[in-house]
S.K.: 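Take a look at this one; I'll ask things after.
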Amino acid sequence: MVAYWLMKSEPHVYPWEQLVEDEHTHWDGVRNYQARNTMRDDMKEGDLVLFYHSNTKPPHIAGVARVCREGYPDHTAQDSNSNYFDSKATAENPRWIMVDIEPVEAMDNIVTLPDMKANSALDGMPLLAKGSRLSVQSVPSEHFAEVRRMGGLQ
DNA sequence: GCCAACGTTGGC
DNA sequence: GCCAACGTTGGC
């Protein structure tokens, strides 16, 4: 049973094009407990992910990715040279978790936030909720299908 | 366990 | 650059 998710990345930090070039990546740097718990407990290999570009004009979904490795310790938390260093993280208690994802398909045309807000078929989508800030979040399957359709994918 | 202060996210 | 919304920290 495939589940659907959405992950946010700022394009000047790690864009979709970089994921395509890298072929897969580990999703390090998440330092929010709710997002961590989702990666640790809920995201399974084969689940599909909407790759969202935040903090850009306009914010948009760039493509679809797939979980290719389930939750494991985010080693950057134990690296004092990393921006994501957390002094409370240890080998015994890594505190932060990441998954690996790989690209599946780019949108034929990007799906912008205003277009999603204007589409009543997406009413109730967590991304569109007021004050939504979670960088890893669930996507209802019917919303996932609608976003793919909006992006021009079969 | 409360809550004020502070830091971050992210659309606009 | 602004600021609303939200999460975390730490004193009490």
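Every chain is numbered from 1 and lettered A, B, ... according to where its sequence line falls, protein lines coming before strand lines. On a predicted model such as this, the values are computed, not experimentally measured, just so you know. Atoms considered below: every heavy atom in the structure, side chains included; atoms not considered: hydrogens, waters and symmetry mates.
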S.K.: Rounded to whole angstroms, how far apart are NE2 on H53(A) and P on dT9(B)?
M.R.: 17 Å
S.K.: Which of the following nucleotides, dG10(B), dG11(B), dT9(C), is nearest to the side chain of K8(A)?
M.R.: dG10(B)
S.K.: Backbone N or O of P58(A) within a donor-acceptor pair of the H60(A) side chain at under 3.5 Å?
M.R.: yes
S.K.: Identify which nucleotide among dC12(B), dG7(C), dG10(B) has an atom closest to any side-chain atom of K57(A), counting heavy atoms from C-beta outward.
M.R.: dC12(B)
S.K.: Please work out whether the ring planes of W27(A) and F51(A) are parallel, tilted or perpendicular, with thresholds of 30° and 60°.
M.R.: perpendicular
S.K.: Roughly how far, to the nearest 0.5 Å, is CG of D100(A) from CE of M39(A)?
M.R.: 10.5 Å
S.K.: Might you confirm whether atom CD of Q18(A) has over 12 heavy atoms from other residues, nucleotides or ligands at distances under 6.0 Å?
M.R.: yes
S.K.: With Watson-Crick and G-U wobble geometry limited to distances under 3.5 Å, how should the secondary structure of DNA chain B be encoded in dot-bracket form, using | for bases paired to another strand and [ ] for crossing pairs?
M.R.: ||||||||||||
S.K.: In this structure, how many angstroms lie between the P atom of dA5(C) and the CG atom of L128(A), rounded?
M.R.: 17 Å
S.K.: Out of dG7(C), dT9(C), dT8(C), which has the shortest distance to the side chain of Q34(A)?
M.R.: dG7(C)
S.K.: Quickly work out the N55(A) CG to dA5(C) C1' distance and round it to whole Å.
M.R.: 15 Å
S.K.: Taking side chain to side chain donor-acceptor pair (under 3.5 Å) as the criterion, tell me which of R95(A), H26(A), R31(A) meets it with D74(A).
M.R.: R31(A)
S.K.: If I take atom CG in residue N32(A) and atom C1' in nucleotide dG10(B), what distance separates them, rounded to the nearest angstrom?
M.R.: 14 Å
S.K.: May I ask you to decide whether R148(A) forms a salt bridge with E105(A), counting only side-chain N to carboxylate O separations under 4.0 Å?
M.R.: yes
S.K.: Output the rounded distance in Å from CD (Q137(A)) to P (dA5(C)).
M.R.: 18 Å
S.K.: Take the protein atom CG of L127(A) and the nucleotide atom P of dT9(B), then report the distance between them rounded to whole Å.
M.R.: 16 Å
S.K.: Both K130(A) and K88(A) contact DNA chain C. Taking the nearest nucleotide for each, which residue is further toward the 5' end?
M.R.: K130(A)
S.K.: Take the protein atom CG of L134(A) and the nucleotide atom P of dG7(C), then report the distance between them rounded to whole Å.
M.R.: 7 Å
S.K.: Check whether any side-chain N or O of E146(A) sits under 3.5 Å from a backbone N or O of L122(A) as a donor-acceptor pair, and report yes or no.
M.R.: no
S.K.: Let me know the distance between OH of Y52(A) and C1' of dG11(B), rounded to the nearest Å.
M.R.: 8 Å
S.K.: Could you please name the option among dC12(B), dT8(B), dT9(C) that lies closest to any side-chain atom of R133(A)?
M.R.: dT8(B)
S.K.: Which one, dT8(C), dT9(C), dG10(B), comes nearest to the side chain of Y33(A)?
M.R.: dT8(C)
